[in-house]
J.: 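Below you'll find the structure I mean.
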Number of protein chains: 2
Amino acid sequence: MSDRPTLRTVAAEAGVSHQTVSRVINADPTVTEAVRDRVLSAMRLLDYRPSAGARALASGRTEVVGLVLPHNPGFAFSNDHLIRLVQGADQELTTRGYGLLLSTREVPDDPSSAYRRFVQRRQVDGLLVEAGAGGESLTVLRSAGYPTVVIGYTAEDLVSVHPDDEGGAYAVTQHLLALGHRRIAVVNGPRENGLAMAARLRGLHRAFADAHRDVPDDLMEHGDFTAGSGYAAAERLMARADPPTAIFAFNDGMALGALRLLRAHRHALPADVSVAGFDDTEAADLVDPSLTSVSLHSVDVGRRAARILLDLLDGRAPAQREHVMPSTLKVRASTAPPGAAR
Amino acid sequence: MSDRPTLRTVAAEAGVSHQTVSRVINADPTVTEAVRDRVLSAMRLLDYRPSAGARALASGRTEVVGLVLPHNPGFAFSNDHLIRLVQGADQELTTRGYGLLLSTREVPDDPSSAYRRFVQRRQVDGLLVEAGAGGESLTVLRSAGYPTVVIGYTAEDLVSVHPDDEGGAYAVTQHLLALGHRRIAVVNGPRENGLAMAARLRGLHRAFADAHRDVPDDLMEHGDFTAGSGYAAAERLMARADPPTAIFAFNDGMALGALRLLRAHRHALPADVSVAGFDDTEAADLVDPSLTSVSLHSVDVGRRAARILLDLLDGRAPAQREHVMPSTLKVRASTAPPGAAR
DNA sequence: CGATTCTCAGTGACCGTTCACATGACAGTG
DNA sequence: CACTGTCATGTGAACGGTCACTGAGAATCG
């Protein structure tokens, strides 16, 4: 078993002190070029690789950030928004030399939860926590005292980043109103996602108010973000005495479910009923009719959250506590004036 | 700045030696119950949390596994199969108390690549490497000498896990042949994914051979797994003098693109042209007509790979070098006998 | 030209665990 | 009752970096 070389092995090989080798590794500018070269070639010769553990122990920093998705894995990895968040965080962290330690699951006492991983051991420098489902995980993790950035909405006194849900919903509603729709139904998300969904409802109400119209008060259903729940919600909506002419689902999955119900019931789309979604997933552009949706630019949100956290770790406090990232309405084929010929 | 308590702080509080505290943490059965209780309450009192860094340094194990997706992030996080792989690995690792350190990107010299992260520092105990795009990353990572499990196909002498691509393609082809199709076109993946795509072609050829039919030799196009490339490939195929009656795309994205082209050209689906995909993504079930596809059970593949790696880390060598996980044909509405009334 | 500063490299302690081994108490044995 | 073995716990040295100082020689300055 050939033991891995250490700082001191390299130092001996290069004829310098171990501290000098450390300096070379950390790109200390005070090291002479000649010495640096000598050390570098010694490192190469011995195939030296620093031990992250030792570095973490000595410096107190692991250069790893934890990303907590407090959802069950099946949901977390199916949700386009969450995945994009991971993507954005990954991109930012990787380019800044940090690692990304992933953690799904909610239950704090589950021995395999984020709690055990991040709080009970000290393995990360900071935490990125998705706050979608609310839940207690945030408070639990907070107690660990890590520098934390929340992705989503939080009542706690933490730095947070979230997309402009209100503005997105405003844009959709305004778009539908402008097309001439009045009976606009909402397929809301699950009640646990309170703050984000509330923001969207605010946007919707504001758009109605700005258009001097009343929000139809009987046209709201709840789903759980799955296509199946969107199908069921649409079914209930279309069964009403006075059915909606437009369905605004609070995510694309449910919107696609609604689309499927409408097709199954032989409605002409979008002539009979317009449908709009939220999240602008890839599927939105692939279905027929393609789905009008709100892009949350989730990758950017994830990236921004990571950037703020890294700044925090570097001691730079963010300018504001709450960061709102712009969202964009993508108008596609699933929305049209009510009764429009196809 | 209140310093975090260490093993010795806890030991002092509980009136035992630091080693005893360590034993309690590691659930050493030789510790008396009375002592254990005393230590545990001291830990609780002081809000003690072990330092992962110190532990890693002393024990040589980090309890973290690296997962390398050698693709650019935009692709990696859009590909359903890859995401499911991550999900499966995450599930298995988390339940076994391991962490999952993610790494995308290909280029080995990119300072922010897997190379820097895993090879240059020693931050993980083992590696899970997706081999889809082939490329040199595998050889580079191999040089690091980590216990490694490859997800996908590899020519190297490494333990690997992959879905039954050949069987899946065989099932699709057999299905199409049984429906009466003869002119079956293939939308192949990018040439970099050589080994996986070759396996699928083998399955296709075997199905034709078993049915005593010849593979139409003019009906193959290449795409890059995006819907756009599937659209383009279908366009080229349908422009032929003798167009296919069925299109078998080697992933769902391209199949959905093909579907879109066919709809745009006002073909009746699936009466005029049948379409089948690969991967059984969520979208396959959401489009109209719903897409016949092959489920690779990617979550299981990821989970299995993780399990094998953990066994490897525990010193248990796997029984075989190559593990093939079953795949399943999901017949949906996009395939029908040629010329069938809708 | 001596004193002072600056630059570059070296020294030794320390971070918080685990590991290998030592020790002490106590029970069982001849 | 001394002797050995076993079990529970203690002791001190790694592990491989970083940090705070120290020191030697060159450069700067009055």
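Within every chain, numbering begins at 1; the chains are lettered A, B, ... in the order of the sequence lines, protein sequences first and strands thereafter.
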J.: Return yes if some donor-acceptor pair links the side-chain N/O of A:Asn26 with the main-chain N/O of A:Asp28 below 3.5 Å, else return no.
T.: no
J.: Within this structure, what is the CZ-to-C1' distance between B:Arg61 and C:dT17, rounded to whole angstrom?
T.: 12 Å
J.: Describe, as an angle rounded to 10 degrees, how the axis at the first end of the helix from C:dC1-D:dG30 to C:dG30-D:dC1 is tilted relative to the axis at the last end, five pairs per end.
T.: 40°
J.: Which residue in the set A:Leu46, A:Leu45, A:Val39 passes side-chain contact (heavy atoms from CB on, under 4.5 Å) when paired with A:Met43?
T.: A:Val39
J.: Starting at the 5' end of DNA chain C, which residue's closest nucleotide do you reach first, B:Leu57 or A:Thr20?
T.: A:Thr20
J.: Measure the distance from CZ on A:Arg55 to C1' on D:dC15 and round it to the nearest whole Å.
T.: 16 Å
J.: Name every residue in residues 31-38 of chain B that has at least one heavy atom under 4.0 Å from any atom of DNA chain D, in order of residue number, or write none if there are no such residues.
T.: B:Val31, B:Thr32, B:Val35
J.: Once side chain to side chain donor-acceptor pair (under 3.5 Å) is applied, do any residues pair with A:Arg23, and if so which ones, sequence neighbours excluded?
T.: none
J.: Quick check: on DNA chain D, is the nucleotide nearest A:Asn26 upstream (toward 5') of the one nearest B:Ala54, or the reverse? Name the residue that is more 5'.
T.: B:Ala54
J.: Find out whether A:Arg321 and A:Ser160 are in side-chain contact, i.e. whether some heavy atom of one side chain is under 4.5 Å from a heavy atom of the other.
T.: no
J.: Under the side-chain contact (heavy atoms from CB on, under 4.5 Å) test against A:Val21, which residue among A:Leu40, A:Val16, A:Thr9 passes?
T.: A:Val16
J.: Between B:Ser59 and C:dT18, does any side-chain N or O lie under 4.0 Å from OP1 or OP2?
T.: no
J.: Output one line per pair: protein atom, nucleotide atom from nucleotides 12-14 of chain C, and distance, for all N/O pairs under 3.5 Å.
T.:
from: C:dG12; atom 1: O6; to: A:His18; atom 2: NE2; distance (Å): 3.3

J.: Below 4.5 Å, heavy atoms only, C-beta onward: do B:Met325 and B:Val161 meet side chain to side chain?
T.: yes
J.: Identify each donor-acceptor pair in which a side-chain atom of residues 74-91 of chain B lies under 3.5 Å from a protein atom, sequence neighbours left out, and give them as a table.
T.:
from: B:Ser78; atom 1: OG; to: A:Arg84; atom 2: NH1; distance (Å): 3.4
from: B:Ser78; atom 1: OG; to: A:Arg84; atom 2: NH2; distance (Å): 3.2
from: B:Ser78; atom 1: OG; to: B:Gly74; atom 2: O; distance (Å): 2.6
from: B:Asn79; atom 1: OD1; to: B:His81; atom 2: N; distance (Å): 2.9
from: B:Asn79; atom 1: OD1; to: B:Leu82; atom 2: N; distance (Å): 3.1
from: B:His81; atom 1: ND1; to: B:Ser298; atom 2: OG; distance (Å): 2.7
from: B:Arg84; atom 1: NH1; to: A:Ser78; atom 2: OG; distance (Å): 3.4
from: B:Arg84; atom 1: NH1; to: B:Gln87; atom 2: OE1; distance (Å): 2.7
from: B:Arg84; atom 1: NH2; to: A:Ser78; atom 2: OG; distance (Å): 3.2
from: B:Asp90; atom 1: OD1; to: B:Thr94; atom 2: OG1; distance (Å): 3.1
from: B:Asp90; atom 1: OD2; to: A:Thr104; atom 2: OG1; distance (Å): 2.8
from: B:Gln91; atom 1: OE1; to: B:Arg303; atom 2: NH1; distance (Å): 3.0

J.: The criterion is side chain to side chain donor-acceptor pair (under 3.5 Å); which residues satisfy it with B:Thr154, sequence neighbours excluded?
T.: none
J.: To the nearest 0.5 Å, tell me how far B:Leu127 CG sits from B:Leu67 CG.
T.: 8.5 Å
J.: Can you list everything that forms a salt bridge (charged side-chain N to carboxylate O under 4.0 Å, His left out) with B:Arg304? Sequence neighbours excluded, please.
T.: none
J.: Would you tabulate the pairs of protein nitrogen or oxygen atoms and nucleotide nitrogen or oxygen atoms of nucleotides 25-27 of chain C closer than 3.5 angstrom?
T.:
none

J.: Which pairs count as side-chain hydrogen bond (donor to acceptor under 3.5 Å, both in side chains) when at least one residue sits in residues 31-40 of chain A, sequence neighbours excluded?
T.: none
J.: So, does B:Ser22 get its side chain near the phosphate of C:dT18, meaning an N or O under 4.0 Å from OP1 or OP2?
T.: yes
J.: Please determine, for the side chain of B:Ser51, which listed nucleotide (D:dT18, C:dT17, D:dG16) has the closest atom?
T.: C:dT17
J.: Rounding to a whole Å, what distance do you find between A:Leu7:CG and C:dG10:P?
T.: 13 Å
J.: I'd like to check the salt bridge (charged side-chain N to carboxylate O under 4.0 Å, His left out) partners of A:Arg316; sequence neighbours left out, ordered by chain and number.
T.: A:Asp311, A:Asp314
J.: For B:Arg55, check salt bridge (charged side-chain N to carboxylate O under 4.0 Å, His left out) against everything at least two apart and list the hits.
T.: none
J.: Among residues at least two apart in sequence or on other chains, which ones pass salt bridge (charged side-chain N to carboxylate O under 4.0 Å, His left out) with B:Asp125?
T.: none
J.: Hey, which sits more toward the 5' end of DNA chain D by its nearest nucleotide, A:Thr6 or A:Arg23?
T.: A:Thr6
